[in-house]
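A quick write-up on the structure given underneath.
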Amino acid sequence: MTKHDPELSQLFHALADPTRRRILTRLAERPARVTDLAGPTRLRLPTVMRHLSVLEEAGLIATSKDGRVRTCAIVPEALEPARTWLDEQRAIWEARLDRLEAFAMKAMKERRE
């Protein structure tokens, strides 16, 4: 993965907003109609549609339309790039902390001697 992956940036941008995260949490339970998603937000429908658009552009949700009813469903595998990036970062920081711990232990040992 490149240092500045545009897809990863788009994914984190979509996840950065608490309203969008609440929508994803709701969709993790089951697919829902746009009107059902809009209700708890207390936002106007065009605002909710913009949030859904950001989520869809990031690949986090898929929408389908049946007549006048638009239904949204979560796409769980879309989170994989974020998970991979976070795992890579965790490994880097764990290695750094291990080196720091080894350095501190060596310094303490030398101080005692």
Side-chain angles (χ1 to χ4, degrees):
M1 186 170 297
T2 61
K3 185 173 182 178
H4 300 288
D5 184 349
E7 288 181 19
L8 190 58
S9 295
Q10 190 175 28
L11 182 60
F12 279 119
H13 168 72
L15 294 171
D17 186 86
T19 299
R20 291 192 285 267
R21 290 193 306 270
R22 280 193 297 275
I23 290 170
L24 288 172
T25 299
R26 167 60 180 80
L27 290 175
E29 296 170 12
R30 66 185 170 279
R33 297 178 305 164
V34 170
T35 54
D36 295 335
L37 294 171
T41 67
R42 296 187 179 176
L43 299 172
R44 293 176 34 176
L45 194 56
T47 303
V48 173
M49 292 299 292
R50 280 193 297 273
H51 282 296
L52 293 174
S53 175
V54 170
L55 292 170
E56 192 167 24
E57 287 173 16
L60 290 166
I61 67 168
T63 62
S64 60
K65 193 168 183 181
D66 184 23
R68 296 180 67 189
V69 177
R70 182 170 296 280
T71 303
C72 301
I74 196 166
V75 181
E77 59 273 11
L79 289 170
E80 195 56 38
R83 182 187 322 258
T84 300
W85 184 84
L86 289 169
D87 288 343
E88 291 169 357
Q89 296 307 305
R90 180 183 301 120
I92 290 167
W93 282 99
E94 285 176 352
R96 289 176 181 171
L97 291 172
D98 289 346
R99 288 194 306 271
L100 178 60
E101 181 182 24
F103 175 78
M105 297 302 281
K106 181 180 175 186
M108 288 172 49
K109 183 179 176 184
E110 288 173 357
R111 211 178 227 176
R112 288 186 195 134
E113 294 174 352

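Under the 4.5 Å side-chain heavy-atom criterion for grouping Ile, Leu, Val, Met, Phe, Trp and Tyr, Val54 is not connected to Met49 through any hydrophobic cluster.
From Asp66, atom CG reaches atom CZ of Arg70 across 11.0 Å, with rounding to the nearest 0.5 Å. The line from CG of Asp87 to CD of Glu94 is 9.5 Å long, rounded to the nearest 0.5 Å. One distance of note links CH2 of Trp93 with CG of Leu100; it measures 10.0 Å at 0.5 Å rounding. Remark: Ile74 CD1 to Leu24 CG distance equals 5.0 Å, nearest 0.5 Å. The distance from atom CD of Glu101 to atom CE of Met105, rounded to the nearest 0.5 Å, is 6.5 Å. A distance of 6.0 Å separates SG in Cys72 from CG in Leu27, rounded to the nearest 0.5 Å.
The side-chain heavy atoms of Pro18 and Arg22, taken from C-beta on, include a pair separated by under 4.5 Å. Inter-residue side-chain proximity for Val75 and Leu60 is flagged as unmet; no heavy-atom pair is nearer than 4.5 Å. Between Leu79 and Leu15 there is a side-chain heavy-atom pair separated by less than 4.5 Å.
Each of Thr63, Thr47, Leu37 was evaluated against Leu52; a single residue qualifies, Leu37, per the side-chain contact (heavy atoms from CB on, under 4.5 Å) test.
In this structure, a donor-acceptor pair under 3.5 Å is absent between the side chains of Glu88 and Thr84.
No more than 12 heavy atoms of other residues, nucleotides or ligands sit less than 6.0 Å from atom CZ of Arg111.
No donor-acceptor pair under 3.5 Å is formed between the side chain of Arg20 and the backbone N or O of His51.
The nearest pair of heavy atoms linking Ala58 to Leu11 is CB-CA, 4.2 Å. Residues Leu45 and Ala38 share a closest heavy-atom pair of CD1-CB, 4.0 Å. When all heavy atoms are compared, the tightest approach of Gly59 to Ala78 is O-CB, 3.0 Å.
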